[in-house]
Amino acid sequence: MSGPELARRVPTVPDHVDLDELEAEQRELARKVRIEDDLDDPETVAGFDVGYQGPRGFGALVVARLDDGTILETLETVTEVPMPYIPGLLAFRELPVLRELWPETTEDPDVLIVDGGGLIHPRRLGSASHAGVELDVPAIGVTKNLLLGEVHGSLADQGDVAEIVDDGERLGYAYRSCTRPNAKHPVYVSPGHRITAETSLEIVRGLCSGRSKLPDPVQAAHRAAARLKRYHDQVDR
DNA sequence: GCGACAG
DNA sequence: ATCTTGTCGC
């Protein structure tokens with residue numbers, strides 16, 4: 001056999017999965033992305049997030065009103081995840097869960113916010129863009145960490161905004177959303193599809209109550225997914 | 001060749 | 001993301 005096992009950086013992927021094909025698919029879908037406002041007086045927003053445990057994904061979609069934040073609908077599902085996490089290919093791990101939930105909503109959300117990037121992506125097709133194109137809905141990407149790009153500007157105070165630039169392109173904004181003074185890291189916002197970076201920031205800004213770094217609907221989805229997972233922890237034994 | 005690397 | 005006790009703070 002071989003010598004000491006080296007830590008595996010590249011997770012094992014199913015035999016039928018071809019990483020080059022997935023990247024090619026992203027390049028193709030990226031051509032369909034439209035970074036321009038195509039929302040008419042948006043009234044409702046959907047926040048999406050997934051929690052993981054082994055081969056299963058616990059997803060939640062929370063639909064809320066944009067004006068006062070009232071939650072209109074919370075949908076949950078448990079699904080087998082087909083892919084390990086690979087930087088740049090998050091959508092192939094996350095979107096199967098969203099595909100289960102999206103058809104179930106009765107609110108027909110005007111905009112979708114995904115816990116993942118939009119333009120901030122090596123091929124300019126983060127999971128938010130991928131979802132937006134596939135579901136044909138205005139979509140915004142929000143993350144707690146940066147996949148790529150540089151923050152241009154200061155984020156000294158809460159409310160501060162700085163541009164995210166990569167390869168000379170402005171891909172989105174870093175926004176210090178949390179009102180807690182010890183909130184060190186900002187939230188990274190980038191347009192996914194059928195929306196601009198400015199409008200994305202404006203919408204996210206209006207959804208940040210200040211108690212959480214993430215916009216409320218996404219945070220609510222995060223909590224719902226976590227609860228669902230805990231529930232399965234107890235029952236599945 | 002060596003690191004970095006959304007969730 | 002997840003593995004994990006206590007702990008600081010509103």
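So that the names make sense, note that chain A is the first sequence line, chain B the second, and so on, each numbered from 1.
In this structure, the side chains of A/D157 and A/R176 stay at 4.5 Å or more apart for every pair of heavy atoms.
When hydrophobic clusters are built by joining Ile, Leu, Val, Met, Phe, Trp and Tyr residues whose side-chain heavy atoms come closer than 4.5 Å, directly or via intermediates, A/I140 is grouped together with A/V218. Follow the hydrophobic side-chain contacts under 4.5 Å out from A/L135 and you never reach A/I203; the two are in separate clusters. Side-chain heavy atoms closer than 4.5 Å link hydrophobic residues (I, L, V, M, F, W, Y) into clusters, and following such links, even through other members, never connects A/V133 to A/L112.
Ionic pairing of A/R194 and A/D136 is present here: one or more N-O contacts between side-chain nitrogen and carboxylate oxygen are shorter than 4.0 angstrom.
For A/E94 (side chain) and A/V50 (main-chain N/O), no donor-acceptor pair under 3.5 Å exists by modelled atom type. In this structure, the side chain of A/D167 does not engage the main chain of A/E169 through any donor-acceptor pair within 3.5 Å. Checking side-chain atoms of A/T74 against main-chain N and O of A/V62 turns up no donor-acceptor pair under 3.5 Å. At least one donor-acceptor pair under 3.5 Å links the side chain of A/R93 to the backbone N or O of A/M83. Looking only at distances, a side-chain donor or acceptor of A/D18 sits under 3.5 Å from a matching main-chain atom of A/D20. Using modelled atom types, no side-chain atom of A/H193 and backbone atom of A/P138 make a donor-acceptor pair closer than 3.5 Å.
Atom-to-atom, CG of A/L95 to C1' of B/dA6 comes out at 12 Å; the value is rounded to the nearest Å. When rounded to the nearest whole Å, the span between CG of A/L147 and P of B/dA6 equals 6 Å. Look at CD1 on A/I86: it is 12 Å from C1' on B/dC5, rounded to the nearest Å. Atoms CD1 (A/I120) and P (B/dC5) sit 14 Å apart, rounded to a whole Å. The nearest whole Å value for the distance from the NE2 atom in A/H185 to the C1' atom in B/dA6 is 14 Å. Put simply, CG on A/L148 is 14 Å from C1' on B/dG7, counting in whole angstrom units.
By the side-chain hydrogen bond (donor to acceptor under 3.5 Å, both in side chains) test, A/E134 is found to be paired with A/R99, residues two or more places apart in sequence or in another chain being considered.
Clustering of Ile, Leu, Val, Met, Phe, Trp and Tyr by side-chain heavy atoms under 4.5 Å joins A/F58 with A/V78, A/L228.
Taking a pair as Watson-Crick or G-U with both hydrogen-bonding distances under 3.5 Å, no stem of three or more pairs touches DNA chain B.
Shown for residues 125-143 of chain A: residues whose heavy atoms fall under 4.0 angstrom of DNA chain B, namely A/G126, A/S127, A/T143.
For A/N145 and B/dC5, the shortest distance from a side-chain N or O to OP1 or OP2 is not below 4.0 Å. At the phosphate of B/dA6, neither OP1 nor OP2 sits under 4.0 Å from any side-chain N or O atom of A/Y188.
Note on A/L146: only backbone sugar-phosphate atoms sit closer than 4.0 angstrom, heavy atoms only; bases stay farther off. Contacts of A/L119 with the nucleic acid, taken as non-hydrogen atoms under 4.0 Å apart, are absent.
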Enumerate all atom pairs, one protein N or O and one N or O from nucleotides 1-4 of chain C, separated by less than 3.5 Å.
residue: C/dA1; atom: OP2; partner: A/K144; partner atom: NZ; Å: 2.9
residue: C/dT2; atom: OP1; partner: A/Y52; partner atom: N; Å: 3.4
residue: C/dT2; atom: OP1; partner: A/K229; partner atom: NZ; Å: 2.5

DNA chain C base-pair string [pairs: Watson-Crick or G-U under 3.5 Å; |: paired with another strand]
..........
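Both tests do not hold together for A/R205 against A/Y173: distance to the six-membered ring centre under 6.0 Å, angle to the ring axis within 45°.
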